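What you are looking at is a predicted structure, and each value in this text was computed from that prediction instead of being measured.
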Amino acid sequence: FIHADITPRNVIRSEDGDIKLIDLDATVEIGEILSTKKKGTAYISPEAAKIEYKPTETIEELRTTLHESMDKLTEILQANVEAQDNLDGGSGIDREKQDHLYQKVKTLQSKIGVLENTKYDQEYTRGKESMDIWSFGVTMYFLCTEKE
């Protein structure tokens with residue numbers, strides 16, 4: 001079995017000094033499909049994070065939204081150029097909206113890249129010993145150094 005959610009909150013010391021893992025609701029047998037329970041984000045293994053945080057939209061939906069956002073950004077950039085050329089002040093430059101759309105475009109491009117470059121098949125959703133080893137190492141680092 002793997003615990004699949006090793007975090008400092010799930011490690012306790014009993015009165016006799018033994019270290020014990022608690023909160024076993026994410027536990028699965030090695031090779032079984034992982035639980036859908038949310039895991040501790042700072043302690044999650046990279047392979048589990050790929051599953052936990054994969055985009056929920058399809059590539060087609062993301063590309064459509066990206067296209068729409070790029071069109072809006074282009075319109076705002078053109079309007080900003082016109083506002084700069086207008087010596088009487090005009091409507092001004094909408095930097096806040098421009099920055100917001102720019103960030104949205106970057107996020108959409110990133111999500112598309114994740115979906116294009118990662119396979120989310122059954123093998124990625126199965127419990128592996130390396131998942132607990134990763135989480136255990138991060139948890140021990142935190143407990144021994146008290147750093148996050």
Side-chain angles (χ1 to χ4, degrees), residues 1-81 83-84 92-148:
F1 284 91
I2 66 166
H3 187 275
D5 192 24
I6 298 176
T7 67
R9 288 184 178 177
N10 293 337
V11 177
I12 63 168
R13 179 173 286 183
S14 66
E15 289 180 12
D16 60 1
D18 289 340
I19 303 292
K20 298 184 180 196
L21 285 173
I22 61 170
D23 191 15
L24 303 173
D25 57 340
T27 302
V28 296
E29 283 191 56
I30 294 171
E32 292 298 314
I33 294 177
L34 292 174
S35 153
T36 57
K37 177 194 179 270
K38 284 281 187 199
K39 286 132 188 103
T41 56
Y43 308 94
I44 193 170
S45 69
E47 54 269 59
K50 286 180 183 178
I51 300 156
E52 192 81 19
Y53 301 105
K54 74 175 184 175
T56 56
E57 307 93 336
T58 65
I59 289 180
E60 293 76 25
E61 291 170 334
L62 290 169
R63 285 188 177 138
T64 299
T65 306
L66 176 62
H67 232 283
E68 292 167 357
S69 297
M70 297 272 297
D71 289 344
K72 288 178 188 173
L73 183 58
T74 301
E75 288 173 18
I76 288 173
L77 290 171
Q78 288 172 344
N80 288 348
V81 168
Q84 284 178 334
I93 297 173
D94 192 350
R95 291 257 187 245
E96 189 175 320
K97 194 170 185 179
Q98 177 182 322
D99 291 345
H100 172 74
L101 277 169
Y102 180 70
Q103 287 301 325
K104 185 175 181 179
V105 164
K106 283 177 48 179
T107 300
L108 289 165
Q109 289 171 331
S110 176
K111 285 182 173 185
I112 289 168
V114 166
L115 287 175
E116 286 177 338
N117 296 315
T118 307
K119 296 178 182 177
Y120 292 103
D121 59 18
Q122 292 270 322
E123 283 307 305
Y124 284 96
T125 61
R126 297 190 183 280
K128 299 176 189 151
E129 292 161 321
S130 61
M131 293 175 175
D132 271 358
I133 292 169
W134 173 277
S135 298
F136 180 76
V138 175
T139 298
M140 290 296 100
Y141 176 80
F142 173 79
L143 293 172
C144 293
T145 64
E146 296 183 17
K147 294 181 182 178
E148 290 189 43

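- The side-chain heavy atoms of R13 and D18, taken from C-beta on, include no pair separated by under 4.5 Å.
- For the pair I30 and I2, the tightest heavy-atom approach, listed with the atom from each and the gap, is CG1-CG2, 3.7 Å.
- In terms of modelled atom types and a separation under 3.5 Å, the side chain of N10 and the main chain of D5 share a donor-acceptor contact.
- Heavy atoms only, all atoms of each residue included: W134 and I44 are closest at NE1-O, 3.1 Å.
- Atoms CD1 and CD1, on I6 and I133 in that order, are 9.0 Å from each other to the nearest 0.5 Å.
- Listed by first and then second residue, the salt bridge (charged side-chain N to carboxylate O under 4.0 Å, His left out) pairs that reach into residues 99-113 are E57-K111, sequence neighbours excluded.
- From L62, atom CG reaches atom CD1 of I112 across 5.0 Å, with rounding to the nearest 0.5 Å.
- Every residue meeting the side-chain contact (heavy atoms from CB on, under 4.5 Å) condition with S130, not counting sequence neighbours, appears here in chain and number order: E47, K128.
- Looking only at side-chain heavy atoms (C-beta outward), I76 and L101 come within less than 4.5 Å of each other.
- S110 pairs by the side chain to side chain donor-acceptor pair (under 3.5 Å) definition with nothing, not counting sequence neighbours.
- When the side chain to side chain donor-acceptor pair (under 3.5 Å) test is applied to D16, the partners found at least two apart in sequence or on another chain are S14.
- H3 places a side-chain N or O within donor-acceptor distance of the main-chain N or O of D23, the cut-off being under 3.5 Å.
- Every side-chain contact (heavy atoms from CB on, under 4.5 Å) that V105 has, sequence neighbours left out, goes to L66, S69, M70, L73, Q109.
- Residues in residues 67-80 take part in no salt bridge (charged side-chain N to carboxylate O under 4.0 Å, His left out) pair, two or more places apart or across chains.
- Closest approach of S45 to S135, counting heavy atoms only: N-OG, 4.0 Å.
- Side-chain atoms of T145 and Y141, non-hydrogen and from C-beta on, do get closer than 4.5 Å to each other.
- Side-chain contact between I19 and I12 is absent, with no heavy-atom pair separated by less than 4.5 Å.
- Contact detail for P8 and L143: the closest heavy-atom pair is CB-CD2, 3.9 Å.
- Contacts of T58 classified as side-chain contact (heavy atoms from CB on, under 4.5 Å), with partners at least two apart in sequence or in another chain: E60, E61.
- Residues forming a side-chain contact (heavy atoms from CB on, under 4.5 Å) with R9 (at least two apart in sequence, or on another chain): T7.
- Within the 4.5 Å cutoff, the side chain of Y43 has heavy atoms near those of the F142 side chain.
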